[in-house]
Every structure is written in C-alpha cells, then in structure tokens.
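Right, one structure below, let's go through it.
Note that the numbering runs from 1 along the sequence shown for the chain.
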Amino acid sequence: MYLLPYEQAVEELKVKLKNLRNEFKRRKDHSPIEFVTGRLKSVNSIYNKANRLQFPVDENIAWEIKDIAGIRIICQFIDDIWIVVEMLRQRQDMRIFLEKDYVSTPKESGYRGYHLAVEYPIMTATGQVTIPVEIQIRTLGMNFWATIEHSLNYKYEGIIPSDIRRRLIEAAKASYILDNEMNNIREEIKEAQIIFTRKREVPMESLLGLVELDLDLDAEADDIAGAGENESEGNDKTR
C-alpha cells in the first residue's frame with residue numbers, strides 16, 4: 001500500500017514522456033527521447049539501501065533514498081541529453097531539487113549519465129501527495145554499459161574482481177569515444193533516418209498494389225509447383 005503512490009508517479013511520467021516523444025515523431029522532427037522505461041524499487045531493495053547508507057526507515061525514507069520511483073530516458077546522442085534536461089527544467093508539473101552530471105564527470109566506476117531528482121505531485125483517493133522521483137538520462141551506449149555493470153555487480157555481490165573492473169572502465173571510455181563520434185556526425189545520421197523513414201511510408205494504393213503483386217507471385221508459384229507435380233506423375237505412369 002505504501003508503494004502505490006510511487007507506482008502511480010512512475011506510470012504517469014512514463015505516459016507523459018512517451019507522448020512527448022510521439023509528438024516529435026508526428027511532427028517529423030528528431031526526437032531527443034529514444035525510449036522511456038520506469039521501475040519501482042522493491043521493499044527489500046529499499047531496506048538494503050537504507051541500511052547501506054545508514055538511513056532510518058521511517059516516513060522520510062523516500063526523501064533520503066530519492067529513487068524509490070525511477071524513470072530512465074534513453075537518447076541517441078549526447079547532445080540530446082542536454083535538450084531533455086532543459087525540457088524537464090521547463091516543465092510545470094514537476095520541480096527539480098537535485099541534479100548530478102555524471103556525463104561530463106563520470107563516476108569512478110566509469111558510469112556516465114545525467115540524474116535529476118524531482119518532486120512530482122499526484123492525486124490519490126485521500127488528496128494530493130508529492131512524490132520524489134529520480135530521472136536518469138543516458139545515451140544508448142551509456143545505458144548498455146550500465147546494464148552490464150549492474151549485472152556484474154549482482155553476480156559478484158558488489159565486489160567485482162579488479163581485472164574485470166579495470167576492463168569495465170576501459171569499456172566505458174571506449175563507449176564514450178563512440179558516443180562522441182556519433183554526436184559529431186549527428187546531423188548526417190538524423191538526415192539519413194528521416195530519408196529512411198519516408199521510404200518506409202508507403203501510400204495505401206501502393207501498399208495494395210504490393211499485396212496484389214504478392215498474391216500474383218504466390219499464384220504463379222503454385223501453378224509452377226502444380227505443373228511440376230503433374231509432370232512427375234506423368235513420368236511415373238510412363239515408367
């Protein structure tokens with residue numbers, strides 16, 4: 001019951017941010033938001049993090065941990081991250097109270113991403129409640145690296161062997177170099193994606209023509225197969 005408002009906050013924000021992405025796509029503009037995911041910390045995770053950080057588990061625990069409700073926004077390019085951050089700063093339905101830039105200054109582990117902690121008001125059966133939500137913004141490359149690192153942390157229970165840790169850091173550097181290269185040619189990539197999308201938008205008349213052509217080809221294939229069977233039967237009778 002305690003987590004219901006946090007679940008509601010996650011679902012509402014996912015819908016709003018996905019609609020924002022769809023609005024860009026409907027306008028045929030490049031969307032700085034590639035996709036959006038959300039998650040709710042489990043009760044065990046909340047207790048484990050509170051114990052690790054030595055926070056008392058009381059009614060204020062959500063404001064200490066800040067990421068019981070979490071949203072992740074994935075972008076194509078590094079520049080998209082700054083666009084999304086500015087878009088969130090301009091929103092009237094939330095208030096940012098903490099920002100952490102791990103893009104410009106990565107964590108010691110090699111992790112990169114931009115984190116925002118926001119106050120998000122929701123309406124419940126008992127009235128309005130303000131929920132803290134953490135929003136993480138990453139590129140596709142940053143997200144891939146973070147997912148792998150999280151899996152290894154889980155496997156080794158937070159104590160990753162030094163050799164693997166070193167290789168992870170090197171992989172994070174390589175991923176960031178790739179992100180920067182893609183960012184440098186982003187206008188070319190955007191143009192190519194627009195052309196590709198237009199080519200995929202086939203008019204209904206053309207689509208029906210393709211279906212009819214497909215059916216004709218299927219019919220021809222059946223005729224050829226049937227003729228082959230008849231010929232085979234004729235040969236069998238001759239024998």
Q) Looking at side-chain heavy atoms only, is the closest gap between L3 and I46 below 4.5 Å? A) yes
Q.
Please determine whether the number of non-hydrogen atoms from other residues, nucleotides or ligands lying under 6.0 Å from atom CD of E86 exceeds 12.
A. yes
Q: Check whether more than 12 heavy atoms from other residues, nucleotides or ligands sit under 6.0 Å from atom CD of Q128, and answer yes or no.
A: yes
Q: Taking all non-hydrogen atoms of both residues into account, name the closest pair between L40 and E7 and its distance.
A: CD1-N, 3.7 Å
Q: Calculate, to the nearest 0.5 Å, the distance between atoms CD1 and CD belonging to I122 and E12 respectively.
A: 6.5 Å
Q. Should we count NZ of K100 as having more than 12 external heavy atoms under 6.0 Å?
A. no
(Q) Between E11 and K14, does any NZ, NE, NH1 or NH2 come within less than 4.0 Å of an OD or OE carboxylate oxygen? (A) yes
Q.
Please determine whether residues I81 and L116 belong to a single hydrophobic cluster, defined as Ile, Leu, Val, Met, Phe, Trp and Tyr linked transitively by side-chain heavy-atom distances below 4.5 Å.
A. yes
Q: Measure across I137 and C75 and return the closest heavy-atom pair with its distance rounded to 0.1 Å.
A: CG2-SG, 3.7 Å
**Q.** Least distance between heavy atoms, S31 atom then D80 atom
**A.** O-OD2, 4.5 Å
(Q) So, taking the atom named CE in M87 and the one named CZ in R89, what distance separates them when rounded to the nearest 0.5 Å? (A) 13.0 Å
Q | Closest non-hydrogen atom pair, V10 against A69 | A | CG2-CB, 3.7 Å
Q.
Assess the residue pair L13 and M94 against the criterion (side chain to side chain contact (heavy atoms under 4.5 Å, CB included)); give the C-alpha distance rounded to whole Å, side-chain angles, the decisive distance to 0.1 Å, and a yes or no.
A. CA-CA 10 Å; L13 283 169; M94 64 180 72; 3.5 Å; yes
Q) Would you call K49 and D67 a salt bridge, using N to O less than 4.0 angstrom? A) yes
Q: Could you point out which residue of R21, K28, R27 forms a side chain to side chain contact (heavy atoms under 4.5 Å, CB included) with F24?
A: R27
Q | Plane angle bin for F77 and H30 - parallel if under 30°, tilted between 30 and 60°, otherwise perpendicular | A | tilted
Side-chain donor-acceptor pairs of residues 160-178 under 3.5 Å, sequence neighbours excluded:
| residue | atom | partner | partner atom | Å |
| --- | --- | --- | --- | --- |
| D163 | OD1 | R166 | NH2 | 2.8 |
| R165 | NH1 | E149 | OE2 | 3.2 |

**Q.** Any I78 side-chain heavy atom under 4.5 Å of T139 side chain
**A.** yes
Q: Could you work out the complete set of other residues in the hydrophobic cluster of W63, with links drawn between I, L, V, M, F, W and Y side chains under 4.5 Å apart?
A: F97, L98
Q) Is E34 reaching over with its side chain to a backbone N or O of P32, donor-acceptor style, under 3.5 angstrom? A) no
Q: State plainly whether one hydrophobic cluster holds both V118 and I74, where clusters connect Ile, Leu, Val, Met, Phe, Trp and Tyr through side-chain heavy atoms under 4.5 angstrom apart.
A: no
Q) Roughly how far apart are I96 CD1 and I135 CD1, rounded to 0.5 Å? A) 7.0 Å
Q) Would you call L53 and E64 a side-chain contact if the rule is heavy atoms closer than 4.5 Å? A) no
Q. Side-chain contact, heavy-atom cut-off 4.5 Å: I73 with L88?
A. yes
Q: Look at the aromatic rings of W145 and Y111 and report parallel, tilted or perpendicular, splitting at 30° and 60°.
A: tilted
Q.
Could you tell me if the side chain of R112 sits less than 4.5 Å from the side chain of D179, heavy atoms only?
A. no
Q) For the hydrophobic clusters of this structure (ILVMFWY residues joined by side-chain heavy atoms under 4.5 Å, transitively), does one cluster hold both V57 and I65? A) yes
Q) Is it true that L20 and V84 fall in one hydrophobic cluster, defined by side-chain heavy atoms closer than 4.5 Å? A) yes
Q) What is the distance from atom OH of Y102 to atom OG of S109, rounded to the nearest 0.5 Å? A) 9.5 Å
Q | Atom pair CD/CD1 of E134 and I68 - distance to nearest 0.5 Å | A | 11.5 Å
**Q.** Counterpart residues, side chain to side chain donor-acceptor pair (under 3.5 Å), relative to D79 (two or more places apart)
**A.** N183, R186
Q: Taking the side chain as every heavy atom from C-beta outward, state whether R72 and Q136 have any pair of such atoms under 4.5 Å apart.
A: yes
**Q.** Heavy-atom check, side chain of V85 versus side chain of E99, under 4.5 Å
**A.** yes
Q) Can you tell if the side chain of L140 reaches within under 4.5 Å of the side chain of F144, non-hydrogen atoms only? A) no
Q. Out of curiosity, N184 CG to I189 CD1, how far, rounded to the nearest 0.5 Å?
A. 9.5 Å
**Q.** Heavy-atom closest pair, residues P5 and I131
**A.** CB-CD1, 3.7 Å
Q. What about Y120 and M123, same hydrophobic cluster or not, with Ile/Leu/Val/Met/Phe/Trp/Tyr joined at side-chain heavy-atom distances under 4.5 Å?
A. no
(Q) I'd like to know if R95 and E119 make a salt bridge, using a cut-off of under 4.0 Å between side-chain N and carboxylate O. (A) yes
